Peer 1: 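My questions all concern the structure below.
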Amino acid sequence: MSESIIPVSEAVAKTALVDEAGYEEMYRKSVQDPVAFWGEQAKRIEWIKPFSKVKNTSFDPHNVSIKWFEDGTLNVCYNCVDRHAETKGDQPAIIWEGDDPSESLTITYRELKDHVSRFANVLKAHGVGRGDRVTIYLPMIPEAAYAMLACARIGAIHSVVFAGFSPDSLAGRVQDCDSKLIITADEGLRGGRTIPLKANTDAACEKSPSVETVVVVRRTGGDVDMKDGRDVWYHEVAENVSSSCPPVEMNAEDPLFILYTSGSTGSPKGVLHTSGGYLVYTSMTHQYVFDYKSGEIYWCTADVGWVTGHSYIVYGPLANGATTLMFEGVPTYPDASRHWQVIDKHDVAIYYTAPTAIRALMGAGDDHVTKTDRSSLRILGTVGEPINAAAWQWYYDVVGDGRCPIVDTWWQTETGGILITPLPGATALKPGSATKPFFGVQPAVVDANGNYLEGATEGNLVITDSWPGQMRTVYGDHDRFVQTYFSAYPGNYFSGDGCRRDEDGYYWITGRVDDVINVSGHRMGTAEIESALVAHSKVAEAAVVGYPHDLKGQGIYAYVTLMGGEEPTEELRKELVQWVRREIGPIASPDLIQFAPGLPKTRSGKIMRRILRKIAEDSFENLGDTSTLADPSVVDNLVEHRMNRA
Ligand code: 6R9
């Protein structure tokens with residue numbers, strides 16, 4: 001297999017924080033003496049009371065416990081806002097670019113402090129305090145960042161729910177953590193279309209008795225119902241509170257936020273991140289991975305509803321006093337040139353996006369890119385799913401004009417920050433490889449029995465010791481945390497991803513090895529989609545698998561068995577797609593639905609997903625061992641009636 005290697009750019013290396021030798025040296029120190037290393041790194045944030053103990057962590061499945069800087073105290077919001085307001089108050093903290101290209105806003109650090117303090121006072125006025133959960137269901141507007149930071153300021157725990165989720169998904173997440181307050185907007189605006197966020201919230205509240213208050217930010221001015229005694233307009237209540245609010249002293253291990261994410265089984269898990277370690281880790285990775293230089297405009301295109309938005313739009317960059325760009329819209333509105341125009345308009349130096357966006361924009365043709373300037377760009381990044389070599393090369397050659405290193409960053413909601421990544425001045429690049437571990441991160445490859453594999457090899461990706469940004473527990477269910485991440489390979493954190501390590505020690509993530517699919521960089525449990533399908537009165541049984549999709553990375557292929565007497569019509573197929581959209585949200589819409597009279601099962605009744613995956617992938621000639629099937633003829637029917645992927 002021929003493999004291209006792109007050496008470190010000399011221009012970048014000249015000013016980069018670390019070069020090749022620097023990386024090796026610093027990495028060695030970080031894993032030889034993590035206590036000394038992280039104790040030193042933790043100085044990048046301001047502590048109220050210094051910690052005396054750096055690391056207290058155990059991956060032993062009988063006693064999983066993760067604590068960093070445990071007796072230190074700090075306020076995360078103070079670190080992201082106030083300390084910069086004092087030293088560089090006039091510098092833009094957030095540049096907001098609206099869905100409509102004529103709308104943008106700049107918020108300085110001084111202004112950010114006012115906005116956030118006011119928001120915090122509104123929350124306090126509605127009875128929110130330390131440890132209370134607040135659900136944030138907002139579009140990509142500055143208020144989303146204000147609301148998150150306001151929670152951090154007063155010690156409340158935020159749970160951001162992506163604005164593309166349905167009322168039912170929102171309700172599930174509100175109920176799981178007993179939120180008493182939801183922050184939403186009248187409507188969201190994306191690609192010229194509105195999203196009825198307040199109406200969705202109303203529907204979710206019907207199922208969520210814990211909610212006492214709904215704070216509504218006015219975004220579009222669209223008509224909404226306001227419920228007396230429960231709903232308040234943010235702009236009205238904000239007028240009556242002060243713009244000064246002291247940040248509270250929090251312990252390093254106090255929760256900062258909950259973020260729900262899909263796993264292979266059951267309902268989404270509330271991933272819990274805490275304060276000190278998370279901030280040290282996101283701040284350090286943001287600075288080193290993007291080689292961030294003070295004053296540069298940095299743009300991460302993620303939504304704040306995902307972990308990438310938390311760590312690399314809000315907390316990491318703001319902890320570093322950076323200027324972070326927040327974009328409300330979509331890459332293809334008004335046309336496929338939008339991202340490149342935003343880069344020119346705001347002189348973006350660092351651009352961090354997802355492979356699915358790169359593939360879509362590549363498909364739109366080079367003209368959209370080449371007609372723009374992009375000379376402000378210095379570093380490109382990608383995250384969310386494996387990037388295919390062709391998309392990588394296009395990103396490098398066309399978007400970056402062959403000048404800008406690409407950092408392919410591997411990490412997860414659970415990891416809090418980037419774990420495997422190139423560093424711009426230190427790592428020669430191989431298209432499609434996330435390359436090497438970040439400081440303090442010790443990856444290993446294990447076989448199915450948990451044996452560590454040495455050298456060039458392929459297997460399951462585990463991490464053998466803790467890092468400060470790691471999740472601490474599943475909210476309200478520590479057993480599930482232990483079960484999900486520490487039981488498969490005792491003594492290690494199991495990522496759920498497969499990977500290959502080459503002869504240079506570079507890591508190549510090959511994708512999930514569990515029942516999680518990755519559609520356009522969005523994680524989804526097949527079980528969630530299946531349970532939405534079987535909730536439909538005409539569906540008896542459903543099995544969902546992923547299949548390779550040119551743009552989305554993976555598409556959703558659903559096998560559906562109907563209730564006796566139901567007709568498998570085209571109409572019903574459309575109805576089921578709509579149904580899933582309503583139950584979970586548009587990102588979970590099945591791409592293909594195959595009506596199947598029966599599913600392949602073992603004699604003990606287990607669905608053989610391996611076979612369903614092969615058929616969905618169109619590689620049904622090699623179905624492997626089918627001898628354990630209860631009724632092998634089921635498979636012939638499935639193959640015969642498989643859906644056309646084109
Ligand atoms: C940050 C984020 C995590 C899953 C992860 C993996 C996939 C993320 C990747 C990547 C290959 C990369 N993933 N980054 N695969 N190369 N650079 O995406 O978090 O939404 O929790 O998804 O995404 O499969 O396990 P999350």
Side-chain angles (χ1 to χ4, degrees), residues 160-162 164-165 257-264 268-273 278 281-282 285-286 289 300-313 315-316 352-359 380-389 391-392 395 406-422 427 429-438 441 443 460-463 469-471 474 484-485 488 493-501 506-526 528 546 552-554 587-588:
V160 181
V161 177
F162 174 56
F165 277 123
F257 66 84
I258 300 166
L259 184 56
Y260 287 87
T261 192
S262 298
S264 47
K269 293 182 286 283
V271 168
L272 185 92
H273 282 287
Y278 174 82
Y281 197 75
T282 51
T285 45
H286 172 262
V289 173
C300 165
T301 71
D303 191 286
V304 288
W306 309 116
V307 74
T308 308
H310 284 60
S311 300
Y312 298 110
I313 293 177
Y315 290 112
Y352 186 33
T353 194
T356 188
I358 298 167
R359 287 190 297 263
L380 302 172
T382 146
V383 59
E385 51 179 318
I387 181 164
N388 49 307
W392 194 102
Y395 195 25
I406 297 177
V407 288
D408 176 353
T409 63
W410 175 82
W411 59 294
Q412 311 177 295
T413 306
E414 294 88 339
T415 70
I418 295 164
L419 295 195
I420 302 184
T421 179
T427 321
L429 305 170
K430 298 188 188 185
S433 171
T435 77
K436 303 262 210 146
F438 189 73
V441 175
N460 298 316
L461 177 60
V462 300
I463 313 291
Q470 183 171 24
M471 75 182 280
V474 170
T484 310
Y485 305 103
Y493 165 81
F494 177 43
S495 65
D497 280 323
C499 82
R500 178 165 78 81
R501 187 173 52 216
Y506 276 45
Y507 288 83
W508 301 72
I509 311 299
T510 48
R512 302 289 304 195
V513 294
D514 54 12
D515 288 324
V516 171
I517 50 181
N518 190 327
V519 180
S520 300
H522 301 319
R523 248 170 93 164
M524 245 153 327
T526 50
E528 284 169 73
K552 303 179 182 181
Q554 279 189 301
I587 54 170

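For the numbers below, each heavy atom of this structure counts, side chains included, while hydrogens, waters and symmetry mates do not. Atoms within each ligand, like the ligands themselves, are counted from 1 in listed order. By convention here, the first residue in the shown sequence is residue 1. Note that the coordinates shown come from a computational prediction; the quantities given were computed from them, not determined experimentally.
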Peer 1: Verify, without hydrogens or angle tests, whether T282 (side chain) and S311 (backbone) share a donor-acceptor contact under 3.5 angstrom.
Peer 2: no
Peer 1: Would you say G384 and ligand 1 have an N/O pair spaced under 3.5 Å apart?
Peer 2: yes
Peer 1: Nearest protein heavy-atom contact for atom 1 (C) of ligand 1: which residue, which atom, what distance?
Peer 2: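 Ranking protein heavy atoms by distance from atom 1 (C) of ligand 1, first comes W411 CE2, 3.4 Å.
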Peer 1: Kindly compute the distance separating CG (D408) from CH2 (W392), expressed to the nearest 0.5 Å.
Peer 2: 9.0 Å
Peer 1: Record the part of A434 in heavy-atom contact with ligand 1 below 4.0 Å; permitted values are side chain, backbone, both and neither.
Peer 2: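 Neither part.
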Peer 1: Can you tell me how far apart CH2 (W410) and SG (C499) are? Round to the nearest 0.5 Å.
Peer 2: 8.5 Å
Peer 1: Please list, in number order, the atoms of ligand 1 under 4.0 Å from a heavy atom of D497.
Peer 2: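 Reading through ligand 1 atom by atom, the close ones are 5 (C), 6 (C), 24 (O), 25 (O).
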Peer 1: In a table with atom names and distances, give each donor-acceptor pair under 3.5 Å that connects a side chain of residues 302-310 to protein atoms at least two apart or in another chain.
Peer 2:
unit_1, atom_1, unit_2, atom_2, d
D303, OD1, G305, N, 2.8
H310, ND1, V304, O, 3.0
H310, ND1, W306, O, 3.1

Peer 1: Would you say ligand 1 has an N or O under 3.5 Å from any N or O of T308?
Peer 2: no
Peer 1: Hey, what do you get for CG (D515) to CD (E528), rounding to the nearest 0.5 Å?
Peer 2: 12.0 Å
Peer 1: With Y312, which residues qualify under side chain to side chain donor-acceptor pair (under 3.5 Å), at least two apart?
Peer 2: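 Result, side chain to side chain donor-acceptor pair (under 3.5 Å) vs Y312: T285.
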Peer 1: If you count the atoms of ligand 1 from 1 in the order shown, which ones are under 4.0 Å from a heavy atom of N518?
Peer 2: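 In order of numbering, the contacting atoms are 7 (C), 23 (O).
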Peer 1: Considering only the protein, which heavy-atom contact is closest to atom 16 (N) of ligand 1, and what is its distance?
Peer 2: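 The answer is E385 O, 3.4 Å.
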Peer 1: Report yes if R512 has an N/O atom closer than 3.5 Å to an N/O atom of ligand 1; otherwise report no.
Peer 2: yes
Peer 1: Suppose I only count heavy atoms of V307 and a 4.0 Å limit; which atoms of ligand 1 are within that range?
Peer 2: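 Atoms satisfying the 4.0 Å criterion: 1 (C), 19 (O).
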Peer 1: If you round to the nearest 0.5 Å, how far is CD1 of I387 from OG1 of T356?
Peer 2: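 So the gap between those two atoms works out to 10.5 Å.
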Peer 1: Using a strict 4.0 Å cut-off to heavy atoms of D408, name the atoms of ligand 1 that fall inside it.
Peer 2: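 Those qualifying, in numeric order: 12 (C), 16 (N), 17 (N).
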Peer 1: Of the backbone atoms (N, CA, C, O) and the side-chain heavy atoms from C-beta on, which set of T409 has a member under 4.0 Å from an atom of ligand 1: side chain, backbone, both, or neither?
Peer 2: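 Answer for T409: backbone.
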Peer 1: Suppose we measure from atom 21 (O) of ligand 1 to each protein heavy atom; which comes out shortest, and what is that distance?
Peer 2: T413 OG1, 2.5 Å
Peer 1: How far is atom 11 (C) of ligand 1 from the closest protein heavy atom, and which atom is that?
Peer 2: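 Atom 11 (C) of ligand 1 sits closest to the protein heavy atom P386 N, 3.1 Å.
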Peer 1: Tell me which protein heavy atom sits closest to atom 22 (O) of ligand 1, plus the residue, atom name and distance to 0.1 Å.
Peer 2: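 For atom 22 (O) of ligand 1, the nearest protein heavy atom is R523 CD, 3.2 Å.
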Peer 1: Looking only at heavy atoms, is any part of V516 under 4.0 Å from ligand 1, and if so is it the side chain, the backbone, or both, or is it neither?
Peer 2: neither
Peer 1: Judged by modelled atom types alone, do E414 and Y485 share a side-chain donor-acceptor pair under 3.5 Å?
Peer 2: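 A pair is found: one side chain offers a donor N or O, the other an acceptor, under 3.5 Å apart.
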Peer 1: Can you measure from OH (Y506) to CZ (R501) and round to the nearest 0.5 angstrom?
Peer 2: 14.0 Å
Peer 1: Which class fits the ring pair Y278 and F257: parallel under 30°, tilted 30 to 60°, perpendicular over 60°?
Peer 2: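 Aromatic pair Y278/F257 classed perpendicular.
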